[in-house]
Amino acid sequence: MTPRRILVTAALPYANGPIHIGHLVEYIQTDIWVRFQKLQGHRCIFICADDTHGTAIMIRARQEGRTEEEIIAESKTAHENDFRHFDIEFSHYGSTNCPENKELCDKIWASLRQAGLVIEEDVSQLFDPQAGVFLADRFVKGTCPNCKAPNQYGDNCDKCGATYTPADLIDPVSTLSGATPEIRSAKHLFVQLEPLREFLTHWTQTSGALQTEVANYLKGHFLGKELRNWDVSRPAPYFGFEIPDAPGNYWYVWFDAPIGYVASTAQWCKLNNEKLDDWWRNGETEIHHFIGKDITYFHTLFWPGMLKTAGYNLPKQVHIHGFLTVGGEKMSKSKGTFVKAATYLNHLDPAFLRYYYASKLGPRLDDLDLNLEEFVDKVNADLVGKVVNLASRTAKFAQASGLSAQYPDDQGLFAAGVEAGAEIAAAYEGGDYAKAMRIIMELADRANPYVEHAQPWVLNKDPNNAVRLQEVCTVALNLFRQLAIYLAPVLPKLAKQCGELLNDPITSWNQAKQPLLGTKVSTFTHMMQRVKKEDIEKMIEESKPAETTEPAAATPATGSQWNDSGEPLQKEPLAETCTIDDFVKVDLRVARIIAADEVPEARKLLKLTVSMGGDAVRTVFAGIKAAYKPEDLVGRLVIIVANLQPRQMKFGLSEGMVAAAGEGGAEVYLLSPDSGAKPGQRVH
RNA sequence: GGGACCGUAGCUCAACGGUUAGAGCAGGGGACUCAUAAUCCCUUGGUUGCAGGUUCGAAUCCUGCCGGUCCUACCA
């Protein structure tokens, strides 16, 4: 077999936040694939970097009174630490904010220019005169032009789902300064994709680089109509690279981020005396990108378009995975399921997460669910109970004798393991780790009964059985070693421990084909600790935001005692000052929910019938379906905006609005008056 | 509304159109005491979502329905 030359990337994590267990799905998945390729004897490098540019970093730097460089340096260190602790082993971990990246951006840009793909257009954008910056959609809030819901972001309304541009917002407010933004027109540079349609259609549909569902998705949603031009520039100020032939303009972060793959490779090349062109401009090299489904279109349309135009290798494959859910739900900070890598490490062995993810990952882009009970069962039963147990129960009997010089009869167990090797390898190669784990555990399930029937502990009692005892242990330990080799991409530590135990390091997949003979056996020490349910609970507890824990009843309230996070206010700054006259325009009333019904066709809505006393009964649709069950609502008092203009909705007329706090989705908290309030009373 | 995928034991998942639909975990019974309350043996558990169709033969292929997930659009 000729060794392949493979360059693998995982998506570049943004330098504005910590690594969490959702990110880790991707990095673990990718690391497993890379380790597998290396074990196969292929030349395989794993390239990644921090993604550093963009508005968010710039804003944060301002808020914290630091430079962007300080923030991204800090972030890079933290990310690299997290990855290292999870045994994610990059060949090189760079940063998009490096000279190599700037240089490559220049070159690729020049190619795009030369191909005539770059055009200029004026774009009207909201500008914050106080902060002196153009505002990305998420930094503008205002009233939805469609449904009049207040406090909506600049791109779409999470009350009504309408999409619009920030300029459409009524009474827009900059979330940076609170100032009223003004519309300013600025020149933007666009890359035309339409001229690349034929190439992109061909590449996405026939190259085999994409999962079929992805190819279908692109065909249906993008390639079926005219491809829109891609806005790749942002006017100053912007943290990024200035565009050489358009001073005062910077490349949009998504332009230079994927180029960071190449730049980081360039850095690796310098450190390792390699040529960049061997890796990015050589048909022999396979490029594999691992990404999440949220960034599909950057990697399957823009990126190949850029590579093609600039004369670089196209990806051989883009491996796209789904999102992580925990217990079947989106990760949630308040539920403590938004677990940071560093928090996980305080409580659990990273090997467990690697194995658990491996056991759930398939080649599709389905979401992956982390079920905490299943996590405990799987890790304890499979890894500790089956695999490690093989060594744990036999190693000490073989310490004196070492392994036999000849491999004894084992009823074909080792040979069966050899045979399964090809199928396991194919599963790893195809990204079907779940299948690989299944086959490996089937092998493990056959190994323990062998030990049981051979009864080494009985043999050990009579010195006359020494030879037989050595044989039994030789079989058991070789079966263990075979499993450790097959699991090595997932559990590199276990492979290392196995190598130490049997005094022969695991370096190649092919080692699984021949039994290890005649080596010494070291003293056995535990290779993994069982997971305790309490560890998980503690981890979840630590992941919950420090907030209103039940105050001790007797202690007087002081401002600092509750330790409430400043995050909600930061996320949604105060609106502009309003006068008492403004306020009295809004008629808030106490109302009783007298009926609550599902609206089957609606995803978010419940239909509430509320009474303000007497005959004053209203129908109100409220986007609280994910947070409340209808039966729990009937009878309770709420606060409604009673004089809101009625709104015709698909499901009926909504005659008001129920007041609630929270981020939306399942995080919605209805307001209630204290007891004593009566339906119909106004809130002053 | 459009699209993709899925529905198999309590749970997680297997099963080239071909014996009696199988594993692991969980449950029940027993055994062992080398091993981290680990392990081994036996065992309960299924109208393969429902209804049709194609076929000598369907979990598998086709159609419809029901239910779920994701994407996309719309609606407040």
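Being a predicted model, the structure only gives us computed values, none of them experimental. Note: hydrogens, waters and symmetry copies are ignored here, and every other heavy atom, side chains too, is used. Chain naming here is simple, since letters A, B, ... match the order of the sequence lines and numbering starts at 1 in each.
The CD1-P distance, from Ile440(A) to rC13(B), rounds to 18 Å in whole Å. In this structure, the NZ atom of Lys386(A) is 5 Å from the P atom of rC25(B), given to the nearest Å. The separation between Lys532(A) atom NZ and rA37(B) atom C1' is 13 Å, rounded to whole Å. If you take CG of Asp432(A) and C1' of rU12(B), they are 15 Å apart, rounded to a whole angstrom. The nearest whole Å value for the distance from the CD1 atom in Ile295(A) to the C1' atom in rC71(B) is 16 Å. The distance between atom OH of Tyr450(A) and atom C1' of rU39(B), rounded to the nearest whole Å, is 16 Å. Between Asp369(A) atom CG and rC13(B) atom P the separation is 9 Å, expressed in whole Å. If you measure from atom NE2 of His526(A) to atom C1' of rC34(B), you get 12 Å, rounded to the nearest angstrom.
Under the Watson-Crick or G-U wobble criterion, with both distances below 3.5 Å, rC25(B) is paired with rG10(B). As the counterpart of rG17(B), no nucleotide is assigned, since no Watson-Crick or G-U wobble pattern has both distances under 3.5 Å. Nucleotide rC5(B) forms a pair with rG68(B), judged by Watson-Crick or G-U wobble geometry with both contacts under 3.5 Å.
The listed nucleotides are rC34(B), rU12(B), rU39(B); the one nearest the side chain of Lys461(A) is rC34(B). Closest to the side chain of His453(A), out of rC40(B), rC5(B), rC13(B), is rC40(B). Among rG24(B), rA38(B), rC34(B), the nucleotide with an atom closest to any side-chain atom of Arg530(A) is rA38(B). Taking only side-chain atoms of Arg393(A), from C-beta outward, the nucleotide of rC34(B), rA14(B), rC71(B) with the closest atom is rC34(B). The listed nucleotides are rG24(B), rC25(B), rA35(B); the one nearest the side chain of Asp445(A) is rG24(B).
Of the side-chain N and O atoms in Arg364(A), one or more sit less than 4.0 angstrom from OP1 or OP2 of rC6(B). Using a 4.0 Å cut-off, no side-chain N or O of His221(A) falls inside it from OP1 or OP2 of rU72(B).
A residue-by-residue look at Val384(A) and Asp366(A) shows that Asp366(A) has its nearest nucleotide of RNA chain B further toward the 5' end. The nearest heavy atom of RNA chain B to Asn380(A) and to Ser392(A) marks one nucleotide each, and the one closer to the 5' end goes with Ser392(A).
As judged by a 4.0 angstrom heavy-atom cut-off over every strand, Lys435(A) is placed among residues making no nucleic acid contact.
Contact record, Pro363(A) with Gly430(A): CB-O, 3.4 Å, taken as the closest heavy-atom pair.
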